[in-house]
Amino acid sequence: MHQRLGTIFGMPRLSYCRPSLPDHEHQILSLLSRNPSRHLSLQIHSKLVTSGYHWNDHKRTIIWNSLLRVYSQGGYPDEALKLYNQALQTSPSFLPTDTFTLSFLLKACANSHRPILGRQFHGNVVKLGLGFHVYVETALVNMYSVCGCLDEAMRVFDEMPERNLVTWNVMITGLVKVGELDIALSLFNEMPRRNVISWTGIIDGFTRANRPKEAIALFHKMMAVDRLEPNEITVLTILPAVWNLGNLDMCQFFQGYCEKTGFVASDIRVINALIDAYAKCGSMKNALRLFEEIIANRKNLVTWTSIISGFAMHGMAKDALHWFQEMEKQGLSPNHVTFLSVLSACSHGGLVKEGLGFFSKMVNVYQIKPGIKHYGCMIDMLGRAGMLEEAEKMALDMPVEMMDVVIWRTLLGACSFHGDVGMGERIMRRILESERDYGADYILMSNIFVGVGRFGHAEKVRGLMDEKNVPKMKALSLLDWRSKNTC
DNA sequence: GTAGGGTTAG
């Protein structure tokens, strides 16, 4: 039997296993809890399969569930699901499906974004009569909301006979993620008890809704009313609200707070967010000071990209490129975000030759496929420099499915600036074909005609604009925009 | 056992 299972699970052969793996179940469990790695899990699984038939069902179930836990929580959700599925097909009698098993499997579905499989496990939950179980039901609510099935998440939540703090938090963060702030807020006010995760979730909601003042007010309230201390995630959540308001003093307050609490010492994400916040509040001096205080081996790609993008957004192209070089010297490989910052720096600094070089390096050396933002940067850069032919060529070289009217608009702006009527007309035609007219395009085109003295044509374009009743301004509020993009 | 945003153009 063990040989059969060995092939079923695709486990490594015994010869691959370290001989040091203990014999007893409790030793194996304590080893797994101390070192929850994928490698060790595979080893233990092999052991379970080869000698586990000596163990009683209870012990075997605990080890099986522990393996599923490590897989589903440790970033290997597919391993967990594969394992379960193979066992189900070949040896269903072996397969435990208790509340623990289902919680971990649902977690794996959430982490691998598989609502269809998750729905099947929901069926199992009902069949096994576990619909009353708080942990399992909470895992269901979480799975549905992580997978974007909010209606189903709310249905499960509504019908739960019993909820705990985690259930409420799962539901609130799920609502916040899809922009349902009002419902989230009413649940937040209704819930019997709140912890720092509940507060962080609702603060996040206000930040996402572009209501930074209320986010910060809630942050104070969390400490004053519920006497709760913010943690690392709270800081990561509140910083975008801080830089939205451009509040440099508050950035400094948070840096101090994070140094005092040890977050700066323990969590590089917090430092990265602080660097970014300083940059966005306009203080590259503070951003750079913090950046240079970190020892080299703690800096990761996001740290480097944050400082590069900071210089890029302040038009300090030379500094951006300098830190990019330093980063490469450290042996780190830039990703698509790093390149976007570098290209944007080149575009703003008029460094056309360098920009073209980086674009080619991105594609050829680092094998990164350019996205629409990279193309946008390049077209903007070439257009600003008056290299309109090259800019148009790059736009035409873009994959069609990526094409966006904004790209044409960027190009039209460049035509206007450099007075290229012929290309301007060509681009305008493309914009009209896209049937997404904005007044600004007509005005740009009309300005191009005015610039070369073709007043009659300019008048015609303006007339066309009235005729088609083109909105002169984008009459779309941020809220409309957000709800359009979250559906 | 079930819970939480690090960097992204014009």
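Chain letters run A, B, ... following the sequence lines, proteins first, then strands; residues in each count from 1.
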Between [N] atom [atom2] and [X] atom [atom1], what is the distance in whole Å?
X	N	atom1	atom2	answer
A/Ile307	B/dT8	CD1	P	13 Å
A/Ile268	B/dG5	CD1	C1'	16 Å
A/His336	B/dG6	NE2	P	14 Å
A/Leu301	B/dG6	CG	P	14 Å
A/Ile308	B/dA9	CD1	P	14 Å
A/Met222	B/dG4	CE	P	17 Å
A/Glu232	B/dG6	CD	C1'	13 Å
A/Phe157	B/dA3	CZ	C1'	13 Å

Determine the contact category for [X]: base if any of its heavy atoms lies under 4.0 Å from a base atom, sugar-phosphate if only primed atoms, P, OP1 or OP2 are that close, otherwise nothing.
X	value
A/Val166	base
A/Asn65	nothing
A/Thr99	base
A/Ile372	base
A/Asp267	nothing
A/His133	base

Between the base of [N] and the side chain of [X], is there a donor and acceptor pair under 3.5 angstrom?
X	N	result
A/Asn231	B/dG4	yes
A/Thr138	B/dG1	no
A/Ser306	B/dG6	no
A/Asp276	B/dG6	no

Any idea which of [options] is nearest the [X] side chain?
X	options	value
A/Thr207	B/dG5, B/dA9, B/dT7	B/dG5
A/Ile233	B/dG4, B/dG6, B/dA3	B/dG4
A/Val170	B/dG4, B/dT8, B/dA3	B/dA3
A/Asn195	B/dA3, B/dT8, B/dG6	B/dA3

side-chain N/O [X] vs [N] OP1/OP2, d < 4.0 Å:
X	N	value
A/Asn142	B/dA3	yes
A/Arg269	B/dG5	no
A/Lys280	B/dT8	yes

*Give a yes/no verdict on a cation-pi contact between A/Arg194 and A/Phe188, requiring under 6.0 Å between NZ or CZ and the six-membered ring centre and an angle within 45° of the axis.*
yes
*Determine, for A/Phe100 and A/Arg69, whether the Lys NZ or Arg CZ falls below 6.0 Å from the six-membered ring centre while staying within 45 degrees of the axis.*
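Judged by the rule, A/Arg69 and A/Phe100 form no cation-pi pair.
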_Point-to-point distance, once rounded to the nearest 0.5 Å, from NZ of A/Lys369 to NE2 of A/His374_ = 12.0 Å
*asked:* Please report the interatomic distance OG1(A/Thr234) to CE(A/Met223), rounded to the nearest 0.5 Å.
replied: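 Result: 9.5 Å between the selected atoms.
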*Closest heavy-atom pair and its distance - A/Arg119, A/Cys149*: NH2-SG, 3.8 Å
*Ring-base stacking, A/Phe104 with B/dG1 (5.5 Å, 30° cut-offs)*: no
*Once the angle between the rings of A/Phe291 and A/Trp304 is folded into 0 to 90°, is it parallel (under 30°), tilted (30 to 60°) or perpendicular (over 60°)?*
perpendicular
*Report the glycosidic orientation of B/dG5: syn if within 90° of 0, anti in every other case.*
syn
*Side-chain contact test, heavy atoms from C-beta onward, threshold under 4.5 Å: evaluate it for A/Glu229 versus A/Val196 and give yes or no.*
no
